Amino acid sequence: MASRGLSLTGHRSCMINRTLLENVDVIMGVSRRHIDSIRTMFPGLTAEMRWFSPEISDPYQGSDALYEHTAGEMEPQVAALFHLLATKA
């Protein structure tokens, strides 16, 4: 990620919980499986739930190269997500 001017040194993953999800408008997953898991774990959430299409591989605990590959997959889809969110504002 250094090639993108980013450092993951201080990044730590964390488990999601209802408090994190209750006051959001959109929940975005990298895959449908992630969204299905959220729906199962936290029934009754009112946020719109979406996943990237095509789905993106989860780099969790992967190499720097895998994170870089995933960032490349996400880049165009994040741009589309920003556009979607801007039209909802």
Side-chain angles (χ1 to χ4, degrees):
M1 299 302 289
S3 66
R4 296 173 180 276
L6 303 171
S7 170
L8 298 179
T9 303
H11 174 73
R12 299 291 176 262
S13 62
C14 67
M15 294 294 293
I16 59 170
N17 59 59
R18 186 170 289 279
T19 302
L20 288 173
L21 302 175
E22 282 183 333
N23 296 310
V24 300
D25 297 320
V26 178
I27 297 171
M28 195 74 199
V30 296
S31 71
R32 182 180 185 142
R33 184 179 60 85
H34 283 145
I35 294 300
D36 288 345
S37 294
I38 290 169
R39 285 187 174 127
T40 299
M41 293 168 61
F42 308 104
L45 291 174
T46 58
E48 177 182 356
M49 295 188 200
R50 301 173 147 255
W51 57 90
F52 289 115
S53 178
E55 294 185 4
I56 294 171
S57 57
D58 186 351
Y60 178 66
Q61 293 186 332
S63 66
D64 289 347
L66 181 57
Y67 274 88
E68 181 61 41
H69 174 77
T70 301
E73 287 182 312
M74 289 180 79
E75 209 163 36
Q77 294 194 53
V78 168
L81 175 61
F82 280 140
H83 177 72
L84 170 73
L85 296 174
T87 61
K88 289 181 171 280

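Keep in mind that what you see is a predicted model, and the values were worked out from it rather than measured. Side-chain atoms are counted along with the backbone in the values below, which use heavy atoms only and exclude waters and symmetry mates.
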Calculate, to the nearest 0.5 Å, the distance between atoms [atom1] and [atom2] belonging to [X] and [Y] respectively.
X	Y	atom1	atom2	result
Trp51	Arg33	CH2	CZ	13.5 Å
His11	Leu6	NE2	CG	11.5 Å
Leu20	Met15	CG	CE	11.0 Å
Gln77	Ile56	CD	CD1	4.5 Å

Main chain of [Y], side chain of [X]: is a donor-acceptor contact present, judged purely on distance under 3.5 Å?
X	Y	answer
Glu68	Ala2	no
Arg18	Met41	no
Glu48	Asp25	no

Nearest heavy-atom neighbours spanning [X] and [Y]:
X	Y	answer
Val26	Arg50	CG1-CD, 4.4 Å
Tyr60	Ser13	CE1-OG, 3.5 Å
Ile35	Ile27	CD1-O, 3.9 Å
Pro59	Thr70	CB-OG1, 3.6 Å
Thr9	Arg12	O-NH1, 3.1 Å
Val30	Phe52	CA-CD1, 3.7 Å

* Decide whether Val24 and Leu84 are clustered together by the hydrophobic rule: side chain heavy atoms of Ile, Leu, Val, Met, Phe, Trp, Tyr closer than 4.5 Å, transitively. =>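 Val24 does not cluster with Leu84.
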* Asked: Is it true that Met28 and Met49 fall in one hydrophobic cluster, defined by side-chain heavy atoms closer than 4.5 Å?
  ->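 Met28 does not cluster with Met49.
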* Asked: More than 12 foreign heavy atoms under 6.0 Å from CZ of Arg39: is that the case here?
  ->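 Above 12, so yes.
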* Asked: Are more than 12 heavy atoms from other residues, nucleotides or ligands located less than 6.0 Å from atom CG of Asp36?
  -> yes
* **Inter- and intrachain pairs under salt bridge (charged side-chain N to carboxylate O under 4.0 Å, His left out), touching residues 72-86, at least two apart** =>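 Matches after skipping sequence neighbours: Arg4-Glu75.
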